[in-house]
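The analysis underlying the following values was restricted to heavy atoms, covering all of them including side chains, and did not include hydrogens, waters or symmetry mates.
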Amino acid sequence: MLAQVSQQFSGFWKQQSKSSRFVFVVLVALGVVLIPLFIIWAQTPSYEVAYSGLSEADAGQIVSKLQESGIDYKLQGSGTILVPSDQVYDVRISMAKEGLPESSTVGFEIFSGNTLGMTEFTQRINYQQALEGELERTIGSLAAVDAVRVHIVIPEDSLLASQQSPTTASVTIKEKAGAHLDSSQVSAITHLLASSVEGLSPENVVVVDVKGNMYSSGESGGTGSALAQTDSRRAAEAAAANEIKNKVQTLLDSALGPNKSIVQANVTLDFTERQTVTQSVDPNKSAVLSSQSIMEVYTTTSGTVEGIPGAASNLPPAATGTGSENTGVSYARNETTNNYEVTQIKSEEVFTPGAITRVSLSVLVDGITDEEQLATLKSVIAAAAGIDEKRGDTFAVESLAFDRTYVETQAEELESSQKQDLYFKIGGYVAAGLAVLALLFYVSRLLGNLRLASTEAWTPVMKPVSELGLPAGTPHHLQAAGAGVPGQLESSVDTKAGTPFEGEAVTKPKPTIKNMPKIEVPSVTPEYAQLQKVIEGIADDDPSSLAEAIQLWLNEDEKRNG
């Protein structure tokens, strides 16, 4: 069968023009090249990061495990490993079962092994190493810390407490991209170390970053503490200014829309600690503090000695000018003393630092020229920001047409780049699909032409004449001609033997079925009649191909009967 198909294809190829042959060759070549590439591209998985920031030792072990498991991977640098997107979590779980990645930090698991024969000095060194490792893991878990190293110095115990050297520690921190440790976080790290190491105080902890910037100098009241205090105050002022800015910006975005205003705020805080004692006296209010009252009464008559006991009462009365003995004596005294206390008011006030002493606020709005609208915005913004002119606050609201050329240009370029990438991607898909469709269409047409050239959709070539299902009563010469072909075809021109049609001149250039003598044939089915019409059409269009097909059928019948 392959030889027959090859023969038919050879005949078809000879009938094609040079341009058709060139197009066919180009399409077949493109199909051979593009279809495998398209299949490979469609089957190529996308990769995602499974691990990053690995040490070379951990990266080597993970790569070895991936190779053993037959999992595809890619390396970026020496510490980043990418795996197919649908296998990221499977790889992480499988590597975790293997204990990978192994952290280079060693903690208290150092004592999990056999410690038999370990000296006291070795145990002390291992304990210090384990303590440093655990502290590195703890500090490394902070959100702003990318990597950390901790060194602890624990001096030998001294006989005299006065001669005992203090425990010290140093911390080197590598911050994550875009993150920064503030003074409160540095203070938290120093107190964390001081609470974890025996005999270590926060003043003996030095914190630096990988660039050499000093965060904590380890000196109480020194330069490091002063810088930390300054940073804390600046952070407090920035936080207060940011709070006011967010309030005003939210108000303007709601009223004018996004990107229609710019707000900047500056806040000055008073960090002075003051204590005020006030004492006042109210002259209109008084109270009796103490009271003393003295009253004396002295009376004497003739013949009777009366009075207060003592020398004065026993003395005779002074003589009068008349010498009368019947004269009486009388004495009276009344004394009152009152002490009053004046009302006093004493008050004591303690002012904590952090009070706002001054606020500066500037606002720019886009394209508002109405003075009434600007005045309304100004009053509303002043109320939202808490502006107090008596305190010395400054406040300005101005209208300005924003220049958005740069932003719009950048947005357009970004959008154009994204669209271009999308178009290229879609174009690749469409081109590959069209190439495949064109190739399939051309191959289908080629196969259709081959089927028409072989007279009945490959059936005469692939099946013997006896299996074509001719109707009962068909003459033997029709069976030899094949598949219900009228008997007059048996006497058609033999292209190989050169036999002419019966009853016709040899010089007839192109015999056809229509001018052949009719031969009576039995009644046939509609399918048979339809098949006959198809064969007549083929005979009119290409009688040489039909004659070739008939010759093939005859040769096959001779082989079967011989």
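One finds the NZ atom of Lys247 at 14.0 Å from the CG atom of Leu252 (value rounded to the nearest 0.5 Å). The distance from the CG atom of Asn266 to the CG atom of Leu361 is 10.0 Å, given to the nearest 0.5 Å. Rounding to the nearest 0.5 Å places CG of Leu66 at 14.0 Å from NZ of Lys74. Taken from CG in Leu256 to CG in Leu251, the straight-line distance is 8.5 Å, to the nearest 0.5 Å. How far CD of Glu389 is from OG1 of Thr394: 10.0 Å, rounded to the nearest 0.5 Å. Taking CD1 of Ile35 as the reference point, atom CG of Leu440 lies at 6.5 Å (rounded to 0.5 Å).
By the 4.0 Å N-to-carboxylate-O rule, Arg391 lies close enough to Asp393 to be salt-bridged with it. Of the charged side-chain nitrogens involved, none lies within less than 4.0 Å of a carboxylate oxygen, so that Arg234 and Glu237 do not count as a salt-bridged pair. Taking 4.0 Å as the cut-off between side-chain N and carboxylate O, Lys211 and Glu175 do not count as a salt-bridged pair.
Within a 6.0 Å sphere centred on CD of Glu348, heavy atoms belonging to other residues, nucleotides or ligands number more than 12. Other residues, nucleotides and ligands contribute only 12 or fewer heavy atoms inside 6.0 Å of the CZ atom of Phe22. Other residues, nucleotides and ligands place no more than 12 heavy atoms under 6.0 Å from the CD atom of Glu398. Within 6.0 Å of the NZ atom in Lys174, the count of heavy atoms belonging to other residues, nucleotides or ligands does not exceed 12. Heavy-atom contacts from other residues, nucleotides or ligands closer than 6.0 Å to CD of Gln279 number more than 12. Crowding of Tyr89 atom OH: a count of heavy atoms from other residues, nucleotides or ligands under 6.0 Å not exceeding 12.
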Could you list the donor-acceptor pairs under 3.5 angstrom formed between side-chain atoms of residues 377-388 and any protein atom two or more places apart in sequence or on another chain?
residue	atom	partner	partner atom	Å
Ser379	OG	Ala375	O	3.4
Ser379	OG	Thr376	O	2.8
Asp388	OD1	Lys390	N	3.2

Distance-only criterion, 3.5 Å: show the donor-acceptor pairs between side-chain atoms of residues 407-422 and protein atoms not counting sequence neighbours.
residue	atom	partner	partner atom	Å
Thr409	OG1	Thr405	O	2.6
Glu415	OE2	Lys419	NZ	3.3

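In terms of modelled atom types and a separation under 3.5 Å, the side chain of Thr357 and the main chain of Thr268 share a donor-acceptor contact. A donor-acceptor pair under 3.5 Å is formed between the side chain of Gln164 and the backbone N or O of Glu156. Of the possible polar contacts, one joining the Thr250 side chain to the Asn246 backbone as a donor-acceptor pair under 3.5 Å is found. Looking at Glu48, its side chain never comes within 3.5 Å of a backbone N or O of Ser85 through a donor-acceptor pair.
Considering only heavy atoms from C-beta on, Phe402 comes within 4.5 Å of Ile262 through its side chain. Side-chain contact between Asn339 and Gln292 is absent, with no heavy-atom pair separated by less than 4.5 Å. In this structure the side chain of Leu142 reaches within 4.5 angstrom of the side chain of Ile189, judged on heavy atoms. Annotation: side chain of Asn259 is not in contact with side chain of Asp366 (no heavy-atom distance under 4.5 Å). Looking only at side-chain heavy atoms (C-beta outward), Asp72 and Tyr47 come within less than 4.5 Å of each other.
With no hydrogens or angles considered, a side-chain donor-acceptor pair links Ser360 and Arg358 at under 3.5 Å. Counted by atom type alone, Thr167 and Glu198 present zero donor-acceptor pairs between their side chains at under 3.5 Å.
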*Before giving the answer on side chain to side chain contact (heavy atoms under 4.5 Å, CB included), spell out for Val91 and Ile62 the whole-Å C-alpha distance, their side-chain angles and the decisive distance to 0.1 Å.*
CA-CA 9 Å; Val91 168; Ile62 293 177; 5.5 Å; no

*asked:* Apply side chain to side chain contact (heavy atoms under 4.5 Å, CB included) to residues Ile356 and Leu269 and explain how you reach the verdict.
replied: CA-CA 5 Å; Ile356 297 177; Leu269 302 180; 3.6 Å; yes

*Candidate pair Gln87 and Ile71, rule side chain to side chain contact (heavy atoms under 4.5 Å, CB included), full reasoning*: CA-CA 9 Å; Gln87 297 182 354; Ile71 299 175; 3.1 Å; yes

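In plain terms, the two heavy atoms of Val88 and Ala50 that are nearest each other are CG1-CA, 4.4 Å. Leu192 and Ser196 get closest at one heavy-atom pair: O-OG, 2.8 Å. Here the closest heavy-atom approach between residue Tyr51 and residue Arg92 is recorded as OH-CA, 3.2 Å. In terms of heavy atoms, Ala194 sits closest to Ser201 at CB-C, 3.9 Å. Val277 approaches Lys346 most closely through the heavy-atom pair CG1-CE, 3.8 Å. Summarising the geometry of Met214 relative to Val206, their closest heavy-atom pair is SD-CG1, 4.0 Å, with the distance given to 0.1 Å.
Residues meeting the ring pair (Phe, Tyr, Trp, His ring centres under 6.0 Å) test with Tyr429, sequence neighbours left out: Trp41.
Put simply, the residue from Asp270, Thr276, Thr272 that forms a side chain to side chain donor-acceptor pair (under 3.5 Å) with Arg274 is Asp270.
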